[in-house]
Amino acid sequence: MDTATKFISSGNDRLDAQLKFSAEIDKMTSILRRTLLIDGSRRENDAEHSWHIAVMALLFEEYAAEKVNILHAVEMLTVHDLVEIYAGDTFAYDTTGNATKAERENQAADRLFSMLPTEQGSHIRGLWEEFDSGKTPDAKYANCLDRIQPFFHNMLTAGHTWRNSGYTTTAAMVKKRMATVAEFMPEVYSWMEKNLDFAVKNNWLSE
């Protein structure tokens, strides 16, 4: 953002930092993912993906294997991809991209979260790190939704991303990525297995 020509200071350094951060994260709308919108019109962006799974978090709590704090999970889901503003989206099955993902995202986190007042930047970075580690029940739940949503989009767009990503994607690879769903949301995973069988049958995925 060109602060010299566009941003009018409030006269409060803390408020200015929060406002500038709020403007910066609008860039999420320009980060395109591989996932196609369900209507098939275009690829979704990071902001749409984050909104979608945050709403989904309100719906599927009853299928979690452990008690989860929905508000905390929603907090994680709204910020989990913010670092992609600078690091870019890394496709789940891009082995080369994933080899450098952690380094790129940590550098992005340093840059982005330092824009905020210290305690707020630390809080949001902590949410991002908790999600990324996937160890707490809330993080496991959030990670499940982060996997279920693009899977569902694929099933409703005839396997578009699986077929057109430019990367080899097999049913076994998808199952491996969905392991956290199998562990933490087994009833939902049973539904996913039926979908995987259908995808293989229709040549959207190879066995």
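As a basis for the values below, the full set of heavy atoms in this structure was taken, side chains included, without hydrogen atoms, waters or symmetry mates.
Taking the side-chain contact (heavy atoms from CB on, under 4.5 Å) definition, one finds that Gln107 meets it with Glu103, sequence neighbours left out. Phe152 pairs by the side-chain contact (heavy atoms from CB on, under 4.5 Å) definition with Leu156, Trp191, not counting sequence neighbours. Remark: Glu44 pairs with Arg33 by the salt bridge (charged side-chain N to carboxylate O under 4.0 Å, His left out) rule, at least two apart or across chains. For Ser41, the side-chain contact (heavy atoms from CB on, under 4.5 Å) partners are Leu37, Asp39, not counting sequence neighbours.
Asp81 and Ser50 form no side-chain donor-acceptor contact under 3.5 Å, judged by distance and modelled atom types alone. Between the side chains of His153 and Gln149, at least one donor-acceptor pair of N or O atoms lies under 3.5 Å.
Between Thr35 and His49 there is no side-chain heavy-atom pair separated by less than 4.5 Å. Side-chain contact between Ile25 and Ile85: present, with at least one pair of heavy atoms (C-beta onward) separated by less than 4.5 Å.
Side-chain N or O atoms of Asp132 include none that pairs as donor or acceptor with a backbone N or O of His80 at under 3.5 Å.
Cluster annotation: Phe21 and Ile31 are assigned to distinct hydrophobic clusters (Ile/Leu/Val/Met/Phe/Trp/Tyr, side-chain heavy-atom contacts under 4.5 Å, transitive).
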Please tabulate, for the side chains in residues 59-69, all donor-acceptor contacts under 3.5 angstrom to protein atoms that are two or more places apart in sequence or on a different chain.
{"from": "Asn69", "atom 1": "OD1", "to": "Leu71", "atom 2": "N", "distance (Å)": "3.1"}
{"from": "Asn69", "atom 1": "OD1", "to": "His72", "atom 2": "N", "distance (Å)": "3.1"}

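Under the side chain to side chain donor-acceptor pair (under 3.5 Å) criterion, no residue pair touches residues 169-188, with sequence neighbours excluded.
With rounding to the nearest 0.5 angstrom, the NZ atom of Lys140 is 10.5 Å from the NZ atom of Lys135.
At least one test fails for Arg125 against the ring of Phe113: distance under 6.0 Å to the centre or angle within 45° of the axis.
The aromatic rings of Trp204 and Phe198 stand perpendicular to each other, their planes meeting at an angle above 60°, with 30° marking the opposite boundary.
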